[in-house]
Amino acid sequence: EPEVTQTPSHQVTQMGQEVILRCVPISNHLYFYWYRQILGQKVEFLVSFYNNEISEKSEIFDDQFSVERPDGSNFTLKIRSTKLEDSAMYFCASTAFPTLNDFGSGTRLTVV
Amino acid sequence: AQKVTQAQTEISVVEKEDVTLDCVYETRDTTYYLFWYKQPPSGELVFLIRRNSFDEQNEISGRYSWNFQKSTSSFNFTITASQVVDSAVYFCALSEVTGANSKLTFGKGITLSVRP
């Protein structure tokens, strides 16, 4: 069964460094999402992406974040200058139509 | 704005007990979807169920059952004869469909511990 793939599963980075989290959505899906879960807290919506542009973003998704679908298969989340509070699990999701999110297994980002 | 409330934060039961996880939601839309996800200690989100706002039929899947009541804006989840493997965090979530976006709004989650 097709699934959303995220790499890496765990990334450690130094404060101030740029990180790129990668996701390969399910191939016929059209809608893409990033969510964030700080340890022990709820899953929070970051951004949705459709037709090569952001369709909605949350207040968490400030100027240090950006998303891209560079080659028609990957969907990336870039954090320009990481802060300690960016440490979290980041989930990518995709859907074929706007009703059900298929989630990847997540990337645990640790900022030190 | 949409909101999901999971008032219970932690529940501990002994194996074979039944347990109900509560979920109350708020939305102004007439068309929406409700979900339950399981998050085991490994961290991934495991999809359990999706219901749309027009389908109030309760659903049973093995030891799992769901009770959707629009009159009380609730979508409760019952595990019958709980097992140690059911220990996890359970999230209820709501999706409104607005144009090209169907983001999920999650509740804070309920940590379920099932003791042998």
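Here is how names work: the chains are called A, B, and so on, in the same order as the sequence lines, proteins then strands, and each is numbered from 1.
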Nearest-0.5 Å distance, NZ of residue A:K57 to NZ of residue B:K103: 13.0 Å
Can you establish whether the number of heavy atoms outside B:K108 located under 6.0 Å from its atom NZ is more than 12? no
Nearest 0.5 Å, what's the CD-CD distance between A:E3 and B:E44? 11.0 Å
Below 4.5 Å from any heavy atom of chain A, which atoms of B:Y37 appear? Answer side chain, backbone, both or neither. side chain
Using a 6.0 Å cut-off, check whether atom CD of B:Q57 has over 12 heavy atoms from anything other than its own residue. no
Exceeds 12 heavy-atom contacts within 6.0 angstrom, atom CG of A:N28: yes
ILVMFWY cluster, A:I26 and A:Y31 together (side-chain gap under 4.5 Å): no
Could you tell me the separation between the OG1 atom of A:T95 and the CG atom of B:L104, rounded to the nearest 0.5 Å? 9.5 Å
Please flag which part of B:Q6 lies under 4.5 Å from any non-hydrogen atom of chain A: side chain, backbone, both or neither. neither
Among residues 34-42 of chain A, which residues come closer than 4.5 Å to chain B, judged by heavy atom distances? A:Y35, A:Q37, A:Q41, A:K42
Compare every heavy atom of B:F91 with every heavy atom of A:V43, then report the nearest pair and how far apart it is. N-CE2, 4.3 Å
So which of B:S42, B:G109, B:G43 has the largest heavy-atom pair count under 4.5 angstrom toward chain A? B:G43
If you tally heavy-atom pairs under 4.5 Å between each of B:V46, B:L45, B:T105 and chain A, the highest tally belongs to B:L45
My understanding is that only residues two or more places apart in sequence, or in another chain, count here; which of them pass side chain to side chain contact (heavy atoms under 4.5 Å, CB included) with A:S58? A:F45, A:L46, A:I60, A:F61
State whether the number of non-hydrogen atoms from other residues, nucleotides or ligands found under 6.0 Å of B:K3 atom NZ is greater than 12. no
For the hydrophobic clusters of this structure (ILVMFWY residues joined by side-chain heavy atoms under 4.5 Å, transitively), does one cluster hold both A:Y90 and A:V47? yes
Hey, is CZ on B:R51 packed in by over 12 heavy atoms from elsewhere, all under 6.0 Å? yes
Least distance between heavy atoms, A:Y33 atom then B:S102 atom: OH-OG, 3.0 Å
Indicate, with yes or no, if B:I79 and B:F35 share a hydrophobic cluster defined by side-chain heavy-atom contacts under 4.5 Å among Ile, Leu, Val, Met, Phe, Trp and Tyr. no
Group every Ile, Leu, Val, Met, Phe, Trp and Tyr by side-chain heavy-atom contacts under 4.5 Å, then state whether B:Y64 and B:F75 land in the same group. yes
